[in-house]
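Hydrogens, waters and symmetry mates are skipped; everything else that's a heavy atom, side chains included, is used.
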Amino acid sequence: VLRDRILFAKSSQRVFDVLRQQLKIFGYRSEEQQMLFLNRLLGSDHKVLSDLSPQELRQVFAEIHRYNASPMNYDALAQSA
């Protein structure tokens, strides 16, 4: 059980690291900028990334994938940063 918890914690940290990296690529450098963007996207009021639920994380990564797949959408996102 302890091993599973450690693995889950490492996996969760990796997900948040990847999300931070993607948000920085989009121009959201500070944690405050990142949270403002995410809260706008999700219609939420989270204070830190770890507050996001698994469903919200899936939604965010789906949006990132959509933006990565479309240069026009990426340009619009980068301009909003």
Working to the nearest 0.5 angstrom, can you tell me the gap between [X] [atom1] and [Y] [atom2]?
| X | Y | atom1 | atom2 | result |
| --- | --- | --- | --- | --- |
| Arg29 | Gln33 | CZ | CD | 8.5 Å |
| Asn39 | Gln34 | CG | CD | 11.5 Å |
| Glu56 | Leu49 | CD | CG | 11.0 Å |
| Leu52 | Ser44 | CG | OG | 6.0 Å |
| Phe37 | Glu63 | CZ | CD | 7.5 Å |
| Leu38 | Leu19 | CG | CG | 5.5 Å |

Linking I/L/V/M/F/W/Y whenever any side-chain heavy atoms sit under 4.5 Å apart, do Phe16 and Leu36 land together?
-> no

Which atoms form the tightest heavy-atom contact between Glu31 and Lys47, and what is the distance?
-> OE2-O, 4.1 Å

Between Asp17 and Arg14, is there a salt bridge with N-O shorter than 4.0 Å?
-> no

Mind checking whether Met35 and His46 have side chains closer than 4.5 Å, heavy atoms only?
-> yes

Ser12 meets the side chain to side chain donor-acceptor pair (under 3.5 Å) criterion, sequence neighbours left out, with none

